[in-house]
Amino acid sequence: MAEINVRKGMYFDEFEVGQSVTTGGRTVTETDIVSFSYLSGDWNAIHTNAEYAAQHPFGQRVAHGLLVLSIATGLANQLGFMEDTVLAFREVGSWKFSLPTYIGDTIHVRATVSDRKPMRRLGGGLVTFKVEIINQNDQVVQRGTWIVLVKNREQ
């Protein structure tokens with residue numbers, strides 16, 4: 001598997017099936033969970049009530065699955081390879097939440113190009129990434145696909 005030679009603003013024709021990229025890590029904090037609860041309106045006790053969560057099979061509060069997914073998109077964005085070239089985030093597909101993410105866990109993302117489809121009428125093409133969100137113990141906590149519409153190079 002070839003690593004993507006990451007550079008700012010990659011175009012559709014620069015992505016090849018089999019290329020992959022791994023982000024840096026990010027530790028999930030209590031503040032992240034409270035902020036996401038506020039933004040989403042999801043104040044479920046498993047995320048926000050330490051006493052309740054201690055009695056749950058996980059034994060402690062867990063991050064919202066969609067919070068972890070959101071952090072993952074931010075980690076990918078920070079690499080810069082989609083900066084100014086992404087036209088749309090089109091789809092999250094076959095997403096699986098495999099393991100909980102706890103306060104204090106550090107996650108990173110591994111994304112591998114699994115498909116490319118030209119969309120000339122939209123000015124670019126669809127790049128499908130097989131995505132894994134991995135914790136500090138090298139466990140995949142979430143996985144699925146992201147489909148992104150990426151610009152063609154100006155000609």
Side-chain angles (χ1 to χ4, degrees), residues 1-6 9-29 32-33 35-37 39-48 53 56-152:
M1 195 168 13
E3 282 287 313
I4 292 175
N5 184 15
V6 175
M10 293 176 64
Y11 293 93
F12 175 71
D13 65 339
E14 296 177 284
F15 291 96
E16 297 176 20
V17 172
Q19 288 177 317
S20 69
V21 65
T22 302
T23 71
R26 161 98 155 54
T27 301
V28 177
T29 68
D32 294 326
I33 292 171
S35 296
F36 191 81
S37 294
L39 287 170
S40 68
D42 181 352
W43 292 94
N44 188 303
I46 192 62
H47 308 302
T48 60
H56 189 275
F58 293 136
Q60 60 182 303
R61 289 174 290 166
V62 299
H64 305 72
L66 294 176
L67 166 61
V68 174
L69 175 57
S70 296
I71 291 171
T73 63
L75 288 170
N77 185 64
Q78 288 174 13
L79 293 176
F81 68 96
M82 294 186 280
E83 191 171 324
D84 296 328
T85 55
V86 167
L87 297 169
F89 194 126
R90 293 280 302 248
E91 184 178 331
V92 175
S94 302
W95 204 257
K96 181 166 177 135
F97 301 87
S98 302
L99 294 171
T101 299
Y102 301 108
I103 296 169
D105 280 357
T106 299
I107 58 171
H108 66 275
V109 176
R110 182 171 46 233
T112 303
V113 178
S114 60
D115 194 26
R116 298 172 68 250
K117 179 181 177 185
M119 301 290 284
R120 287 171 181 57
R121 69 177 180 82
L122 297 177
L126 298 176
V127 179
T128 301
F129 293 94
K130 176 186 158 203
V131 177
E132 297 175 309
I133 303 174
I134 302 161
N135 68 15
Q136 70 279 358
N137 299 318
D138 207 33
Q139 298 170 306
V140 176
V141 298
Q142 295 183 20
R143 67 170 47 108
T145 58
W146 294 346
I147 300 177
V148 182
L149 179 60
V150 180
K151 286 182 191 178
N152 281 329

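The analysis underlying the following values was restricted to heavy atoms, covering all of them including side chains, and did not include hydrogens, waters or symmetry mates.
Among residue pairs with one or both ends in residues 68-77, none qualify as salt bridge (Lys or Arg N to Asp or Glu O under 4.0 Å); sequence neighbours excluded. Residue pairs meeting the salt bridge (Lys or Arg N to Asp or Glu O under 4.0 Å) criterion with at least one member in residues 65-74: none, sequence neighbours excluded. Sequence neighbours left out, not one pair with a member in residues 68-79 passes salt bridge (Lys or Arg N to Asp or Glu O under 4.0 Å). Sorted by first then second residue, the salt bridge (Lys or Arg N to Asp or Glu O under 4.0 Å) pairs that include residues 68-81, not counting sequence neighbours, number zero.
The side chain to side chain donor-acceptor pair (under 3.5 Å) test applied to Trp43 returns no partner, not counting sequence neighbours. Under the side chain to side chain donor-acceptor pair (under 3.5 Å) criterion, Ser98 pairs with no residue at all, not counting sequence neighbours. For Tyr11, the ring pair (Phe, Tyr, Trp, His ring centres under 6.0 Å) criterion is met by no residue, not counting sequence neighbours. With sequence neighbours excluded, the residues satisfying side chain to side chain donor-acceptor pair (under 3.5 Å) with Glu83 are Lys8. Scored by the side-chain contact (heavy atoms from CB on, under 4.5 Å) test, Leu87 finds Leu149, Lys151 as partners (sequence neighbours excluded). Scored by the side-chain contact (heavy atoms from CB on, under 4.5 Å) test, Gln139 finds Leu99, Asn135, Asn137 as partners (sequence neighbours excluded). For the side chain to side chain donor-acceptor pair (under 3.5 Å) test, no residue two or more places apart in sequence or in another chain qualifies with Glu91.
Atom CD1 of Ile133 and atom CZ of Arg26 lie 12.0 Å apart (nearest 0.5 Å). The CD atom of Gln142 sits 11.5 Å away from the NZ atom of Lys96 when rounded to the nearest 0.5 Å. Between atom CD1 of residue Ile33 and atom OG1 of residue Thr48 there is a gap of 9.0 Å, rounded to the nearest 0.5 Å. Once rounded to the nearest 0.5 Å, the distance linking CZ of Arg120 with CG of Asn152 reads 7.0 Å. Note: Phe12 CZ to Leu122 CG = 11.5 Å, rounded to the nearest 0.5 Å. Between the CZ atom in Phe129 and the OG1 atom in Thr112 there is a gap of 9.5 Å [rounded to 0.5 Å].
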Enumerate donor-acceptor pairs with a distance under 3.5 Å from any side-chain N or O in residues 64-76 to protein atoms, sequence neighbours excluded.
{"from": "His64", "atom 1": "NE2", "to": "Ser37", "atom 2": "OG", "distance (Å)": "3.4"}
{"from": "His64", "atom 1": "NE2", "to": "Asp42", "atom 2": "O", "distance (Å)": "3.0"}
{"from": "Ser70", "atom 1": "OG", "to": "Leu66", "atom 2": "O", "distance (Å)": "2.8"}
{"from": "Thr73", "atom 1": "OG1", "to": "Ser70", "atom 2": "O", "distance (Å)": "2.7"}

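The two residues Glu132 and Arg143 come nearest to each other via the heavy atoms OE2-NH2, 4.1 Å. Of all non-hydrogen atoms in Pro100 and Val141, the two that sit nearest each other are O-CG1, 4.1 Å. Looking at every heavy atom in both residues, Val150 comes nearest to Met10 through CG1-O, 3.5 Å. Across every non-hydrogen atom of Lys130 and Thr145, the tightest pair is CA-CG2, 4.4 Å.
Side-chain atoms of His47 and Val62, non-hydrogen and from C-beta on, do get closer than 4.5 Å to each other. A 4.5 Å side-chain heavy-atom check between Ile103 and Gln60 finds every atom pair outside the cut-off.
The backbone N or O of Val109 lies less than 3.5 Å from a partner atom in the side chain of Thr23, making a donor-acceptor pair. Listed for the Arg116 side chain is a donor-acceptor partner under 3.5 Å among the backbone atoms of Phe15.
No donor-acceptor contact under 3.5 angstrom links the side chains of Asp32 and Ser35, judged on distance only.
Ring geometry for Trp146 against Trp95 counts as parallel: the plane angle stays under 30°, on a 0 to 90° scale with 60° as the upper cut.
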